[in-house]
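Structure first, then comments.
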4 protein chains.
Amino acid sequence: MDNKRELIFEATEKIIATKGLQGLSMQQIANEAGVAAGTIYRYFKDKDELIGELRKNVLRVVANHILKNSREGTLEQRFKRIWFNIVDFGRQRTPANLSYEQYIHLPGIDSDPHQTFEKTTFGELHLLFEEGKAEGLFHSLHNKALFAVSLEPAVALGRSIRRKQLEYDKAELELACNLCWQTITKQTKRSYQDYE
Amino acid sequence: MDNKRELIFEATEKIIATKGLQGLSMQQIANEAGVAAGTIYRYFKDKDELIGELRKNVLRVVANHILKNSREGTLEQRFKRIWFNIVDFGRQRTPANLSYEQYIHLPGIDSDPHQTFEKTTFGELHLLFEEGKAEGLFHSLHNKALFAVSLEPAVALGRSIRRKQLEYDKAELELACNLCWQTITKQTKRSYQDYE
Amino acid sequence: MDNKRELIFEATEKIIATKGLQGLSMQQIANEAGVAAGTIYRYFKDKDELIGELRKNVLRVVANHILKNSREGTLEQRFKRIWFNIVDFGRQRTPANLSYEQYIHLPGIDSDPHQTFEKTTFGELHLLFEEGKAEGLFHSLHNKALFAVSLEPAVALGRSIRRKQLEYDKAELELACNLCWQTITKQTKRSYQDYE
Amino acid sequence: MDNKRELIFEATEKIIATKGLQGLSMQQIANEAGVAAGTIYRYFKDKDELIGELRKNVLRVVANHILKNSREGTLEQRFKRIWFNIVDFGRQRTPANLSYEQYIHLPGIDSDPHQTFEKTTFGELHLLFEEGKAEGLFHSLHNKALFAVSLEPAVALGRSIRRKQLEYDKAELELACNLCWQTITKQTKRSYQDYE
DNA sequence: TATGAATGAGTTTTCATTCAT
DNA sequence: CATGAATGAAAACTCATTCAT
């Protein structure tokens, strides 16, 4: 049954989110999932595979959240939707988000699942950025750099809110989002104050 | 002699940087440092203390790099110096930088050394941001948010360059830096194109 | 199965009896019990718990032996039965007896299992001694003192026989037992020689 | 200097008396003695030798205490002096006494120092018992048995008082001592009550 | 298919002993 | 002589994995 597999999956995600990858034993997972330790090996070759599958899954979930409705509307609407998707996802205390942050900064990110994730997520953003540059609307920066200046702030803001280092404030986020949008666009006519 | 202690320290940092915190055994450290396993315990109570001391040390190093010369010159000069400090540090493949990224996203960051680090680093930036806001130069955002929109991009850019996802390009960085500066400032007179 | 637990128990008791508590390693126990080292930890939290459980068990066994049939018959019959129970148990080269002597003279006897043992064993003897004193048959000494003069000799004799410092001699023991009985009783009519 | 040797000796005795033989490390001894760990090896070949020497020493001290003034006076006076020597020594919380009780019930008592101790102490008592038997005053029991019925009570009483299981009561001890004396003597004329 | 007891290699940690200073 | 840093073998303990039921 894939039911058991799912149970194991969720149990593992939950433990990683709360206690981290460090103190993660198969017994713990079995207990949390309510199955026997041996059962895990019916669904996953070994611990590495379980962790690997989980990583893939987490990245898939993250990509889905971030890219939700990312194709409708104008460039600006699409950008801002993604920007808020990132903030909203980052704010959550879900296992997916919490374990995501642990995976992302591990040595060996060159690994397969992460490559795929990057391609999926970034492929979509790639299109957005390229379009913006083709229209002469965005600055002529590499996409990675465009992401860094316009979307990393969203990642950081979501995290800060989740960690209670920053209160959730719709107006402040709107302003930040607009600033990010303007950062990548070569806007000349409208003045900054329009947004404040 | 503090020589041995230093050797152990560096060996541990190196291993964490390359293989991560996961597969870190005392024997490995001993081998890398060229000492006997038991020797480590003359300098550190146990593994936890070793890791803890290392964490403190890494955070200290990072703070030093980032805040280098952060008090001289105009607000703009100070901001840009810090911005580039962040990029330059993030670009390095030093053990300090590599292990920093692993520490920073672990569960339990509320711990002591990290608090101190935050206070040191952020205290300095705090002053900068407050000054800018007092002068009416910066947007009225919380400091965390100002950091997110103006300095997180630098963190991300440094990392991307180190990971070869982005080539080091002085001009591109200058532009990005200026964009970040403008993002937090309520500039009206100069147009964006001035920087391109 | 409690089979493994029992195996571990017996192996440990045996090693303590022969080699003492000092050189007692988990590996040794595992070897003697014919199980893997890790298996011990399925049944006992750690070495301390194993030793503690063993201690409790040994004390229980000792109490059982000593108090066997200790309630039937006259005061004299009861006393003498206990006296011989003590000698007989002390003579044995059983692990229970051998490890008992090691536990009993360790620092920290105030610990729980020992308290219980004392209460069990001594509670029974308490009744005996109190009865004897109430009848005006025993000397007015504290029970501990009555034990010391009348039953410690039995402990010592059993031990000496076990250690081959004294041959087992039924007649000699009978005499000694009678002497002990007379020691605690305020006998006036019968002369000592009656027993020789 | 034999001063250092003595320091090490006393430190070891003290630790054994308080914490037992179990948790006894050379470093601990060195700390307690105020010398370096390596220094111990100038005076003792290894840990075994140190413990062995200590054992010998302790047994010597014990023998001295017990046999103090054991040769003066009548048989009765000599016996009673020894009896009280035993009680008085056993009552003390001295390292010598506390570690004695730990040594005495260890496996491997057949070892050299203990043999010598037995010979010294028991040799003296041997004479006493033989004399008593030759005079027809003592029961015809083996010396070990005579010791068991007459002096083991003193050992037990001293220990009980030290452990606060029994209060020190001169009169009670006098009575107990007399009972012990009468236990080994074939007294016919005097009745027991004379002592109460 | 599921279990969970058992394994044993691997990990952290201790500690008697050595040896350069 | 004395030191105490360093050693490394051995101890306690953990945990991924296997396998009989």
Side-chain angles (χ1 to χ4, degrees), chain A residues 1 3-5 7-8 23-31 33-51, chain B residues 1-5 7-8 22-31 33-51, chain C residues 1-5 7-8 22-31 33-51, chain D residues 1 3-5 7-8 23-31 33-51:
Chain A
M1 255 189 284
N3 178 30
K4 285 259 163 79
R5 190 187 150 95
L7 278 173
I8 294 164
L24 177 66
S25 79
M26 298 301 265
Q27 193 54 58
Q28 230 177 114
I29 296 171
N31 292 344
V35 301
T39 306
I40 301 174
Y41 291 83
R42 298 230 142 263
Y43 298 95
F44 303 93
K45 199 179 121 281
D46 56 19
K47 199 184 181 185
D48 276 358
E49 189 178 293
L50 168 56
I51 302 288
Chain B
M1 253 190 282
D2 253 21
N3 180 29
K4 281 270 157 69
R5 189 187 151 97
L7 277 173
I8 294 164
Q22 314 282 24
L24 177 65
S25 83
M26 297 303 263
Q27 195 53 61
Q28 231 176 111
I29 296 172
N31 293 344
V35 301
T39 304
I40 300 174
Y41 292 85
R42 285 202 63 74
Y43 298 94
F44 304 93
K45 204 180 116 284
D46 55 18
K47 199 183 180 183
D48 274 0
E49 189 179 292
L50 169 56
I51 303 288
Chain C
M1 253 190 283
D2 252 20
N3 180 28
K4 281 269 159 69
R5 189 187 150 99
L7 277 174
I8 293 164
Q22 313 282 21
L24 177 66
S25 83
M26 298 304 263
Q27 195 53 60
Q28 232 176 112
I29 295 171
N31 293 344
V35 302
T39 304
I40 301 174
Y41 292 86
R42 284 202 63 74
Y43 297 95
F44 304 93
K45 205 180 117 281
D46 55 17
K47 199 184 181 184
D48 274 0
E49 190 179 292
L50 169 56
I51 303 288
Chain D
M1 257 190 282
N3 178 31
K4 285 259 162 77
R5 191 187 149 97
L7 278 172
I8 293 164
L24 175 66
S25 80
M26 297 301 265
Q27 193 53 57
Q28 230 177 113
I29 295 171
N31 292 345
V35 300
T39 305
I40 301 174
Y41 291 83
R42 299 231 141 263
Y43 298 95
F44 304 92
K45 200 179 121 278
D46 56 18
K47 199 184 181 183
D48 277 358
E49 189 179 291
L50 168 56
I51 302 288

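In what follows, every heavy atom counts, from backbone to side chain, and hydrogens, waters and symmetry copies are set aside. Chain letters run A, B, ... following the sequence lines, proteins first and then strands; every chain starts at 1.
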### Message
Counting only side-chain heavy atoms from C-beta out, which of E:dA6, F:dA6, F:dG8 sits nearest to B:Tyr43?
### Response
F:dA6
I need the [atom1]-[atom2] distance between [X] and [N], as an integer number of Å.
X       : N      : atom1 : atom2 : answer
A:Asn31 : F:dC15 : CG    : P     : 12 Å
D:Ile40 : F:dC1  : CD1   : C1'   : 15 Å
D:Arg5  : F:dC1  : CZ    : C1'   : 16 Å
A:Leu50 : F:dC15 : CG    : P     : 16 Å
B:Ile29 : E:dT11 : CD1   : C1'   : 12 Å

### Task
Summarise protein proximity over nucleotides 12-21 of chain E in one line of letters, 5' to 3': B for base, S for sugar-phosphate only, - for none, counting protein heavy atoms closer than 4.0 Å.
SBB-SBB---
#### Entry: Pairwise distance NZ(D:Lys47) to CG(D:Leu24) - rounded to 0.5 angstrom
4.5 Å
### Task
Can you measure from CZ (C:Arg5) to CG (C:Leu50) and round to the nearest 0.5 angstrom?
8.5 Å
## Note on the structure
Pairing string of DNA chain E (Watson-Crick or G-U wobble, both atom distances under 3.5 Å; | = paired to other strand) is .||||||||||||||||||||
### Query
Any side-chain N or O of A:Lys4 under 4.0 Å from OP1/OP2 of E:dA2?
yes
### Task
Report the residues that fulfil side-chain contact (heavy atoms from CB on, under 4.5 Å) with B:Glu49, sequence neighbours left out, ordered by chain and then residue number.
B:Phe44, B:Lys45, B:Asp46, B:Glu53
### Message
Restricting to non-hydrogen atoms, name the atom on B:Ala30 and the atom on B:Ala36 that form the minimum distance, rounded to 0.1 Å.
### Response
CB-C, 3.9 Å
### Message
Test of understanding: with side chain to side chain donor-acceptor pair (under 3.5 Å), list the residues that count as partners of A:Asn31, not counting sequence neighbours.
### Response
A:Gln27
